[in-house]
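Please read all numbers here as calculations on a predicted model, not as lab measurements.
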Amino acid sequence: MPVHSQLEVRVLGIIDRVKRGEPVEDSYVELKRQWPEATKEKRYEFTRQIAAHANAARGAQILWVIGVHERTPTIPGAGIEELAVFLDIFKSHFDGLAPSLLESIVVPTVDAPVVALLFDTSRAPYVLTGTDIRRPDKEVPWREGTSARTATREHLVRLLAPMSVRPRCDIINVTIGEGSAHGDKFISCMVHVYVSVPGGGQAIFPLHMCSMTLGIPGRTDTVDFKVDRLLPTMHAETRKASVTVVESATETIVSGAGLMLAHGVRTSALGKLVKSELHITTTLHALDVDSPIVLRVELSPAEPEAHTGQPRWVIKQSGPQRLV
């Protein structure tokens, strides 16, 4: 799937969650109701927020969506016409490099079109130059929560420390099942994740730091799972597993690239989940990578399994569903 199509799918998923009143669980996403007002002060503050976000991201891409009001929640929309003007002003506030704009697209929605801006942050730190006496001559902004502040020494130490390579993870397939043992019903979740490590290095996933959450869109109650195994995925026809994925009792190591299966079981019954649309969020932690890798897919009910009658779901949207 082309990059702009992946970005559009991601933005539409974010908007769906906003309209349902669900939190946007991605710390690398910022939603803005509108472009900044055409004043020097407002445009500088907008730029400062992007710089703070880019510095705190430590190399991960960040996504800004203009035209979404999360608090209301409504989609007032935004136009791309202001982007060129804003970018010229945006770059002028930086001492040297500004975060690179990788992609900018207009995403049509049923309410109004929104503008998505995907920034590269791999060349941090990003330094702002003050434009009047009320600001320092130079500032390294830092994002905490959703606000921007001047970076402290601790922030700078973290920013300048060598970063571990962040693996790319994509959900390929999801299987949800129900069974029983010793008179108790249980739900099992199996999420197939393709992992690739830039540069052909290794990614180590400690088992105790990984989890999955299953729920119905628009509802706050969820079914939470601990991941009990991260194992090499067996090919359906050849019955061979990826040799680049090695599982131990406490962690799983992926060398270069490979397909692994996140497996979790908990005592419960599917109950109201049957025949409902679902979402599943898988959180993986790679050793020495600062932030978690959060993967989410929306699932639609499908025809039950022909031989077993087991409920079945299919992924609602195609393409990568990475959140972080």
Query raised in the report: Are I14 and L12 close enough that some pair of their side-chain heavy atoms sits under 4.5 Å apart?
Result: no
Query raised in the report: Side chains of T129 and K138: closer than 4.5 Å at any heavy-atom pair?
Result: yes
Query - Close side-chain approach of I105 to V115, heavy-atom, < 4.5 Å - result: no
Query raised in the report: So do the side chains of L231 and H263 get within less than 4.5 Å of each other, counting heavy atoms only?
Result: yes
Query raised in the report: When hydrophobic residues are tied together by side-chain contacts of less than 4.5 Å, even through go-betweens, does Y126 share a cluster with L87?
Result: yes
Requested in this report: Examine Y44 together with H93 and report whether their ring centres are nearer than 6.0 Å.
Outcome: yes
Query raised in the report: Looking only at atom types and distance, does a side-chain atom of W313 sit under 3.5 Å from a main-chain N or O of S276, one as donor and one as acceptor?
Result: yes
Report task. Could you tell me whether the side chain of D224 reaches within less than 4.5 Å of the side chain of S211, counting heavy atoms only? Result -> no
**Report entry** Those residues that, when tested against R312, pass side-chain contact (heavy atoms from CB on, under 4.5 Å) (two or more places apart)
**Finding:** A302, E303, E305, V314
Report task. Report yes or no: do L101 and Y28 belong to one cluster of Ile/Leu/Val/Met/Phe/Trp/Tyr joined by side chain heavy-atom distances under 4.5 Å? Result -> yes
Report summary line: Sorted by chain and residue number, the side-chain hydrogen bond (donor to acceptor under 3.5 Å, both in side chains) partners of Q202 (sequence neighbours excluded) come out as S255
Query raised in the report: Are any of the side-chain heavy atoms of K19 and D111 separated by less than 4.5 Å?
Result: yes
Query raised in the report: Just by distance, do the side chain of T244 and the backbone of A257 share a donor-acceptor pair under 3.5 Å?
Result: yes
Requested in this report: Using side-chain contact (heavy atoms from CB on, under 4.5 Å) as the criterion, list what pairs up with R20, not counting sequence neighbours.
Outcome: D16, R17, E22, P217, R296, E298
Requested in this report: Check whether L230 and M190 end up in the same hydrophobic cluster, where Ile, Leu, Val, Met, Phe, Trp and Tyr are linked by side-chain heavy atoms less than 4.5 Å apart.
Outcome: no
**Report entry** Hydrophobic cluster membership, L207 vs I293, 4.5 Å side-chain cutoff
**Finding:** yes
Query - Side-chain donor-acceptor contact under 3.5 Å, E144 with S147 - result: no
Requested in this report: For I89 and S92, work out which heavy atoms get closest and say how close.
Outcome: O-OG, 2.6 Å
Query raised in the report: Between R168 and D170, does at least one N-O distance fall below 4.0 Å, as a salt bridge requires?
Result: yes
Query raised in the report: Is I171 reachable from L259 through a run of hydrophobic residues whose side-chain heavy atoms are each under 4.5 Å from the next?
Result: no
Report task. Measure the shortest side-chain to side-chain distance between L83 and W35 over non-hydrogen atoms and say whether it is less than 4.5 angstrom. Result -> yes
Show me the donor-acceptor pairs within less than 3.5 Å that the side chains of residues 63-80 make with the rest of the protein, sequence neighbours left out.
from : atom 1 : to  : atom 2 : distance (Å)
W64  : NE1    : H53 : ND1    : 3.0
H69  : ND1    : T72 : OG1    : 2.4

Query raised in the report: Taking only residues two or more places apart in sequence, or in another chain, which ones meet P108 in a side-chain contact (heavy atoms from CB on, under 4.5 Å)?
Result: E8
Query raised in the report: How about F90 and F46: are their ring centres within less than 6.0 Å of each other?
Result: no
Requested in this report: May I ask you to decide if A60's main-chain N or O and T121's side chain share a donor-acceptor pair within less than 3.5 Å?
Outcome: yes
Query raised in the report: Do the side chain of N55 and the main chain of P141 share a donor and acceptor less than 3.5 angstrom apart?
Result: yes
Query raised in the report: Sub-3.5 Å donor-acceptor pair from the side chain of T222 to the main-chain atoms of G215, do we have one?
Result: no
Requested in this report: Any salt bridge (Lys or Arg N to Asp or Glu O under 4.0 Å) involving residues 203-212? Give me the pairs, sequence neighbours left out, ordered by first then second residue.
Outcome: none
Query raised in the report: With no hydrogens and no angle check, is any side-chain donor or acceptor of D120 less than 3.5 Å from a backbone partner on S100?
Result: no
Requested in this report: Please determine if R143 and E30 form a salt bridge, counting it only when a charged side-chain N lies under 4.0 Å from a carboxylate O.
Outcome: yes
